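Every chain is numbered from 1, with letters handed out A, B, ... down the list of sequences. Owing to the predicted nature of the structure, the values given are computational and were not obtained by experimental measurement.
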Amino acid sequence: MATRRERPIEPLLWLLFSAGGMASAMLMPALVLLFGLALPLGWIAPPSYEHLRAILANPMTRLVLFGVCMLSLFHWAHRFKYTLYDGLQVQHLNELINTFCYGGAVVGTLLAGYVLLGF
Amino acid sequence: MTDPTYREFHPRWLRPRMSTYWWLGKWPYVKFILRELSSIFVAWFVIYLLFLVRAVKGGEVAWSSFVALSAHPVMLTVNVIAFFFIVFHALTWFAVAPQAIVAHIGKKKVPAILIAASHYAAWLVVSAALLWLLLRG
């Protein structure tokens with residue numbers, strides 16, 4: 001296929017997709033359960049503000065979080081791109097879709113860096 | 001005489017266009033599309049997490065207003081849906097892990113069920129550790 005020669009970046013994008021899929025599958029269910037449901041619905045005693053702040057003050061936490069955010073965003077970009085391609089059959093819009101998806105992931109990653117590195 | 005106008009040549013593929021809803025009606029296809037759509041909620045949760053971090057950074061007042069916002073019915077609805085999609089993503093992701101990882105012990109191939117099971121086990125351990133870390137204080 002010609003695509004392989006024209007887009008040598010494809011294996012890298014697939015690797016990011018795969019790593020992001022693994023990171024989000026491992027970490028996100030517990031986090032959504034806690035911060036999306038249990039905390040707002042009052043199922044559990046919430047962690048204290050000082051405790052959360054101390055966890056986030058640790059540079060290791062923020063480094064890991066940054067990695068998870070970046071990889072998960074590239075995971076989204078890759079999957080969502082193909083959802084649009086195949087789901088809506090709009091292969092002819094591929095330039096626009098690529099820009100939206102991978103551009104979105106890059107912007108999100110920069111945003112994550114801004115929020116996390118400047119804690 | 002006016003110049004003739006030319007139409008650009010668009011090669012047409014001999015491929016009938018399928019309905020946009022081709023995936024409805026057969027569970028494996030629906031499952032495939034739901035799996036793909038789970039990525040939207042993965043991205044959503046990244047944004048949610050970043051807002052959470054920003055609130056913690058912003059001080060105690062910012063944090064409590066984030067907690068109040070998270071209890072808003074719209075936010076709760078989105079997060080309930082996100083929870084199901086993200087769990088679906090995790091379940092399907094670990095289920096296909098044996099297809100991506102072919103491991104060998106000596107000359108024997110590790111059975112697929114063992115690879116999937118070890119992923120589920122790791123998921124449990126990681127989730128428990130994460131909740132312990134966050135809730136112990």
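Both the backbone and the side chain of B:Ile86 come within less than 4.5 Å of a heavy atom in chain A. At a 4.5 Å heavy-atom cutoff, the contact between A:Leu39 and chain B is made by side-chain atoms alone. Within the 4.5 angstrom heavy-atom criterion, atoms from both the backbone and the side chain of B:Ala122 approach chain A. Both the backbone and the side chain of A:Leu27 come within contact range of chain B, each with at least one heavy atom under 4.5 Å from a heavy atom of that chain. At a 4.5 Å heavy-atom cutoff, the contact between B:Leu130 and chain A is made by side-chain atoms alone. Heavy atoms of B:His119 lying under 4.5 Å from chain A belong to its backbone as well as its side chain. Looking at A:Leu31, both its backbone and its side chain come within 4.5 Å of chain B, counting heavy atoms on both sides. For chain A, the nearby parts of B:Ile40 are the backbone and the side chain; heavy atoms of each come within less than 4.5 Å. Heavy-atom distances place the side chain of A:Ile55, and not its backbone, under 4.5 Å from chain B. Heavy-atom distances place both the backbone and the side chain of B:Phe83 under 4.5 Å from chain A. Proximity to chain A is limited to the side chain of B:Phe94, based on heavy atoms less than 4.5 angstrom apart. Looking at B:Trp123, the atoms closer than 4.5 Å to chain A (heavy atoms on both sides) sit in the backbone and in the side chain alike. The part of B:Ser38 that comes within reach of chain A is its side chain, from C-beta onward, which places non-hydrogen atoms under 4.5 angstrom from that chain.
Counting heavy-atom pairs under 4.5 Å between each of A:Leu52, A:Leu41, A:Leu111 and chain B puts A:Leu52 at the top. Chosen from A:Leu37, A:Val32, A:Leu33, the residue pairing most often with chain B at heavy-atom distances under 4.5 Å is A:Val32. Contacts with chain A were tallied for B:Leu76, B:Ile47, B:Val67; B:Leu76 has the most, counting heavy-atom pairs under 4.5 Å. The choice from A:Gly108, A:Ser18, A:Ala45 that makes the most heavy-atom pairs within less than 4.5 Å of chain B is A:Ser18.
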Discussion item. Test side-chain contact (heavy atoms from CB on, under 4.5 Å) on B:Phe85 and B:Leu34; report intermediate values, then the result.
Written reply: CA-CA 8 Å; B:Phe85 268 98; B:Leu34 288 179; 4.0 Å; yes
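Ring geometry for A:His78 against A:Phe17 counts as tilted: the plane angle lies between 30° and 60°, on a 0 to 90° scale.
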